[in-house]
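For reference, the structure is listed below as structure tokens.
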Amino acid sequence: MSNPTPGVRSGDVEIPAIGLGTYQLENGLAQTMTEKALELGYRHVDTAQIYGNEQDVGAALAATGVARGEIFVTTKVWIDKFAEGDLQRSVDESLKKLRVDQVDLLLLHWPKPKPALAETIAALNAVKVDGRARAIGLSNFPSALMEEAAGLSEAPLATNQVEYHPYLSQKTLRATADKLGASITAWSPLAQGKVADDPVLKAIGDKYGKTPGQVTLRWQVQQGVITIPRTKNPARLAENFAIFDFALTDEEMAAVYGLARPDGRIGDWIDAAFRWDVE
């Protein structure tokens with residue numbers, strides 16, 4: 001079976017435009033939802049060491065009838081494993097839990113002042129060189145730090161996974177990613193459900209027989225952004241995936257961009273303990 005979802009060219013890989021986010025899918029729920037997502041046609045699954053559910057995602061990958069080569073698997077290295085040697089050992093643990101020989105994308109979960117970024121990026125590259133990761137990238141890195149990381153990396157950085165939804169512009173970061181030949185991947189793409197009651201998104205959705213959430217996800221993929229909505233509801237899982245049978249006009253895209261506001265951020269962009277200045 002060929003990949004049923006459009007892809008976004010990022011660095012040296014193509015990433016399916018929509019994936020399943022598994023944050024807070026605990027007590028086996030990540031396995032259930034991953035299996036269901038793969039049945040529906042999803043071909044991208046996102047997890048992380050800190051989520052505590054890599055083993056559940058791995059069980060789903062082992063149980064599915066979908067060939068491993070058709071599934072794009074992303075995981076993220078937690079900040080306490082950024083030192084040379086620690087990072088590589090943590091990846092070995094992730095591979096065992098995921099029951100795979102290689103992840104398709106390995107990200108640094110958050111920026112951290114120590115160890116030095118150069119050391120961590122070198123370790124990340126080493127994992128790619130030895131075949132444990134097909135591609136590498138970042139998560140939650142501000143623009144200046146993304147550029148610094150890219151300058152230190154021998155391999156291209158495929159993506160930067162960040163909070164992104166209609167209420168948060170990320171214009172600067174999107175431009176930085178474009179300049180570097182990378183993409184951004186949106187976590188909390190539906191603003192933790194806040195889009196559901198938005199009158200602008202409702203009005204656009206009514207035109208196409210779509211929900212505000214579907215309009216939002218379509219707006220993201222139409223930009224070339226990768227989106228990884230997370231849900232515990234199988235019906236919502238199917239709804240989130242049904243976004244490839246319509247397209248927004250330029251005017252509708254602009255209307256959604258216009259929803260961004262200065263106080264639109266939901267999550268902590270950079271934890272204060274890391275003391276990074278954000279632009």
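FYI, side chains are in, hydrogens and waters are out, and symmetry mates aren't considered; it's all heavy atoms of this structure.
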Counting C-beta onward and ignoring hydrogens, is there a side-chain heavy-atom pair between [X] and [Y] closer than 4.5 Å?
| X | Y | answer |
| --- | --- | --- |
| L38 | R43 | yes |
| Q161 | I228 | yes |
| I204 | W219 | no |
| L201 | L259 | yes |
| T22 | D56 | no |
| V195 | P166 | yes |
| L190 | L217 | yes |
| V57 | E54 | no |

Output yes when a side-chain donor or acceptor of [X] lies under 3.5 Å from a complementary backbone atom of [Y], and no otherwise.
| X | Y | answer |
| --- | --- | --- |
| K36 | A235 | no |
| T216 | P212 | yes |
| Q214 | T211 | yes |
| S153 | A149 | no |
| E35 | A60 | no |
| D104 | V73 | yes |
| K112 | I79 | yes |
| Q223 | M253 | no |
| N125 | A155 | yes |
| E119 | A116 | no |

- Given a cutoff of under 4.5 Å between side-chain heavy atoms of I, L, V, M, F, W and Y, with clusters grown through shared members, what are the other residues clustered with L107?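 ILVMFWY cluster around L107 also holds V8, V13, I15, F72, L105, I226.
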With a 4.5 Å cut-off on side-chain heavy-atom distances among I, L, V, M, F, W and Y, is there a chain of contacts connecting [X] to [Y]?
| X | Y | answer |
| --- | --- | --- |
| L145 | L168 | no |
| Y257 | I243 | yes |
| L152 | V129 | no |

- Message: Closer than 4.0 angstrom, basic N to acidic O: yes or no for E147 and K179?
- Response: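 Yes.
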- Basic-acidic side-chain contact under 4.0 Å: E93, K96: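 Looking at E93 and K96, the cut-off is not met.
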- Give me the ring orientation class for Y208 and F246: parallel if the planes are under 30° apart, tilted from 30 to 60°, perpendicular past 60°.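 Tilted.
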Could you tell me whether [X] atom [atom1] has more than 12 heavy atoms of other residues or ligands within 6.0 Å of it?
| X | atom1 | value |
| --- | --- | --- |
| Y167 | OH | yes |
| D245 | CG | yes |
| D263 | CG | yes |

Please give me the minimum heavy-atom distance between [X] and [Y], naming the atom from each residue.
| X | Y | result |
| --- | --- | --- |
| S10 | S183 | OG-OG, 2.8 Å |
| S188 | H165 | O-CD2, 3.3 Å |
| A135 | K128 | CA-CE, 4.0 Å |
| A62 | R99 | CB-NH1, 3.6 Å |
| I18 | P229 | CG1-CD, 4.0 Å |

- Task: Applying side chain to side chain donor-acceptor pair (under 3.5 Å) between K76 and each of D46, N140, T47, report the one that passes.
- Result: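 Testing K76 for a side chain to side chain donor-acceptor pair (under 3.5 Å) against D46, N140, T47 leaves exactly one candidate, D46.
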Is there a donor-acceptor contact under 3.5 Å linking the side chains of [X] and [Y]?
| X | Y | result |
| --- | --- | --- |
| Q222 | R218 | yes |
| S143 | T172 | no |
| Q49 | S94 | yes |

- Message: Here's a test for you: under salt bridge (Lys or Arg N to Asp or Glu O under 4.0 Å), which of R132, K81, K97 qualifies with D92?
- Response: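 Between D92 and the candidates, salt bridge (Lys or Arg N to Asp or Glu O under 4.0 Å) is satisfied uniquely by R132.
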- Query: Excluding sequence neighbours, so at least two apart, what forms ring pair (Phe, Tyr, Trp, His ring centres under 6.0 Å) with F82?
  - Reply: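 Partners of F82 under the ring pair (Phe, Tyr, Trp, His ring centres under 6.0 Å) test: none.
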- Message: V100 and side-chain contact (heavy atoms from CB on, under 4.5 Å): which single residue from L61, I71, T75 fits?
- Response: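 Only match with V100 under side-chain contact (heavy atoms from CB on, under 4.5 Å): L61.
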